[in-house]
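One structure is given here, and the rest of the page talks about it.
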Number of protein chains: 2
Amino acid sequence: MATGRTHRPATRSRGIPEATVARLPLYLRALTALSERSVPTVSSEELAAAAGVNSAKLRKDFSYLGSYGTRGVGYDVEYLVYQISRELGLTQDWPVVIVGIGNLGAALANYGGFASRGFRVAALIDADPNMAGTPVAGMPVQHTDELEKIIDDNGVSIGVISTPAGAAQQVCDRLVAAGITSILNFAPTVLSVPDGVDVRKVDLSIELQILAFHEQRKAGEEAGAEAVVADAVAEAAAADAPVAESDAEAAAPPAARAETTDRKGPDGDVPAVMPA
Amino acid sequence: MATGRTHRPATRSRGIPEATVARLPLYLRALTALSERSVPTVSSEELAAAAGVNSAKLRKDFSYLGSYGTRGVGYDVEYLVYQISRELGLTQDWPVVIVGIGNLGAALANYGGFASRGFRVAALIDADPNMAGTPVAGMPVQHTDELEKIIDDNGVSIGVISTPAGAAQQVCDRLVAAGITSILNFAPTVLSVPDGVDVRKVDLSIELQILAFHEQRKAGEEAGAEAVVADAVAEAAAADAPVAESDAEAAAPPAARAETTDRKGPDGDVPAVMPA
DNA sequence: CGGTGTGAAGTGTTTCACAGCT
DNA sequence: AGCTGTGAAACACTTCACACCG
C-alpha cells in the first residue's frame with residue numbers, strides 16, 4: 001500500500017463527536033430556513049423535527065458546542081446560526097476547485113448550495129484541451145496543466161474530484177502535492193492520501209445498492225416468508241450443507257457453492273463491472 | 001409534521017449491521033476489479049487494502065454473511081462477488097426513475113455506475129413541459145403527469161429525486177403514493193415519508209461543510225494555538241460565566257467580539273444565512 | 001505456517017429520564 | 001410550567017488477539 005489512507009482517527013477534534021459534526025449542517029439548514037421566516041426562537045423539539053432527528057439527540061449535540069439555549073424557552077435562532085456556522089468554519093471563505101467537468105462536474109459547478117455556505121468555486125479544471133475556455137456555470141474551464149498554479153494563487157485547500165475513476169488517483173496526487181488537504185471524491189475509487197489529508201467520498205451507486213438491500217428485505221418479508229429465507233440460505237451455504245429447500249431464489253450460483261472456484265458465476269447478469 | 005419519518009429502526013434486518021451493509025458495495029467494487037484481472041483468491045488483508053478498510057473489520061463483516069473463506073488461503077473472488085451481490089439484491093433487476101432532470105439529474109442519467117450494478121433507469125421525469133421528449137442519455141424525458149403510470153407500468157420501487165428543494169416533498173409524496181418504497185434524495189431537504197419507506201440522502205453541500213470543519217481544525221492546530229481555544233470558549237459559555245477571557249472569537253453574536261485566530265473574521269457579522 | 005472466524009474488550013453513539021434553570 | 005443540559009444506561013460498531021483449521 002502506499003500511504004496510510006483509510007486512516008481516519010476521526011479528528012479526535014478535542015471533543016465534538018464525528019456523528020455530531022455530520023449533523024451540524026443539517027441543523028444549520030433548518031435554522032437558516034427559520035431565520036428567513038424571521039422566527040426568533042425554537043425549541044429542541046421543533047428544530048429536531050425540522051432537521052429530521054429526535055430532540056434528545058439534538059440537545060446532546062448542542063451540548064457539545066456549549067449551552068446556547070434558554071431553559072423553559074428554547075434556542076435563539078440567529079445566535080445558533082452564528083454559533084454553528086462558526087463551529088463549522090463557515091464564517092470564513094473557502095475557495096474550492098472542481099476537477100473533472102463532465103456531467104457531474106458541471107452539475108456541481110452550478111449547484112447553488114456551495115456558494116451559499118461560504119464555499120466559492122475558484123476554478124473548474126478539466127484534462128480535455130477542447131474544454132479549455134468553454135464557460136460552465138459562467139466560468140471558463142481551465143486545463144489541468146494550470147492546476148498547481150490555480151491552487152497556489154487562490155490559496156485553495158479543498159478540492160472536489162469528479163473525474164472518471166481511472167483518473168482520480170492521479171488527480172488526487174497532484175492536488176495533494178499542490179497543497180490541498182481536504183478532498184471530496186465523487187469518483188468510484190478508493191483514494192490513497194498521506195496522513196493529514198482528509199477525504200470524504202460520495203458514491204451514487206453505493207447509495208442505490210444500500211437501498212436495494214433494504215428493498216429486497218422488504219419484499220422478502222411481505223412475501224410471507226420472513227426475511228429469514230435469505231438467512232437460512234446463507235447459513236446452509238456456510239454450513240456447507242447443500243440447500244435442500246426450494247423456496248429461495250438464491251443459494252446456487254450456477255456452479256458455485258461447495259466447489260468454489262470456476263466460472264464467472266451467475267447467469268451473466270452479475271455486475272459486469274465498469275466504473276463511471 | 002406528518003408521518004413518522006426519521007424512523008429508522010435500521011431494518012434490524014435479521015442480523016447484518018447497517019455499517020456492514022454500507023460497506024458491502026465497497027467490497028463488491030474491489031472484488032469486481034480483481035475479478036476482471038482474473039485474480040482467483042484474495043486474503044482479507046489484500047481485499048481490505050483495496051477497499052480502504054482494515055482487515056479485522058472486513059473479516060467481521062464477512063462473518064455476518066457466513067463463512068465464505070478458506071483458512072490459510074483467503075477468499076475465492078468469484079464466489080464472494082456472487083454472495084455479496086445476492087446479499088445486496090443485485091442479482092435482480094431494479095428499475096429506477098429519476099425525477100428532476102436538471103444538471104444533476106442528467107449527470108445521474110449518464111452515470112455508468114448504475115447500469116453496471118443491476119439498476120436500470122426506467123424513466124427520466126421532469127416537470128418542465130419544454131423538456132418532454134428531449135433526449136437525455138439517449139432517453140426521452142417524460143412529463144411529471146406520467147409519473148404514476150410509468151411507475152406502475154415498470155414496477156418501479158426505487159426513485160431518485162434530483163429536483164430543486166422546493167419541489168422535493170411534493171414529488172416524494174407522489175412517488176410514495178404511486179408505490180415507491182425506496183428513495184434516494186439529492187434535494188437539500190428533509191423528506192417526510194410514511195413508515196416502511198426508506199430514504200437515503202446525498203447532500204453535496206453537507207459533505208463540504210464537514211470537510212470545512214476538519215480543515216478549520218487543522219489550520220487552527222498548526223497555527224500554534226491548539227484547538228483548545230474554541231474549547232475554552234465553549235466551556236466558559238457552558239459554565240455560564242460570561243467569558244471574561246479575551247482570547248476567543250466566539251460568544252458574542254451580532255457584534256462579535258475579540259478575535260484570536262483573527263482569520264477572515266466575522267466582519268460581515270452574523271453570517272447572513274440564506275440556503276441553497 | 002498462514003489466514004480465517006470470532007469471543008471479548010474497547011470505543012463511539014443514541015436514548016432515557018430527570019435535575020435544574022428561567 | 002416548560003424546556004434545556006446532562007449523567008448514566010443501552011446499544012452499535014470497531015479493534016484486539018488468538019483458537020482453529022486447511
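Here is the naming used below: chain letters follow the sequence lines, and residue numbers restart at 1 for every chain.
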Report yes or no: do Thr91(A) and Arg86(A) form a side-chain donor-acceptor pair below 3.5 Å? no

Where the side chain of Glu18(B) is concerned, which of dT14(C), dC13(D), dG5(C) is the nearest nucleotide? dC13(D)

Within the structure, does a side-chain N or O atom of Ser44(A) lie under 4.0 Å from either OP1 or OP2 of dT4(D)? yes

Results of side chain to side chain donor-acceptor pair (under 3.5 Å) for Ser43(B) - residues two or more places apart only: Glu46(B)

For nucleotides 16-22 of chain D, which of its nitrogen or oxygen atoms have a protein nitrogen or oxygen under 3.5 Å away, and what is each distance?
from: dC20(D); atom 1: O2; to: Arg71(B); atom 2: NH1; distance (Å): 3.0

Heavy-atom nearest nucleotide on DNA chain C taken for Arg23(A) and for Gly69(B); more 5' hit belongs to Gly69(B)

Starting from P on dG2(C), measure out to CD on Glu46(B) and report it in whole angstrom. 14 Å

In chain order, what residues pass the side chain to side chain donor-acceptor pair (under 3.5 Å) check against Asp61(A), with sequence neighbours excluded? Thr20(A), Arg23(A), Tyr27(A)

With ring pair (Phe, Tyr, Trp, His ring centres under 6.0 Å) as the rule and sequence neighbours excluded, what pairs involving residues 182-208 of chain A come up? none

Residues which pass side chain to side chain donor-acceptor pair (under 3.5 Å) with Ser55(B), listed by chain and number, not counting sequence neighbours: Glu45(B)

Expressed in angstrom and rounded to an integer, what is the separation of Phe62(B) atom CZ from dG3(C) atom C1'? 14 Å

Under-4.0 Å side-chain N/O to phosphate OP1/OP2 contact, Tyr75(B) with dG5(C): yes

Please enumerate all residues that pass side chain to side chain donor-acceptor pair (under 3.5 Å) together with Ser157(B), with sequence neighbours excluded. none

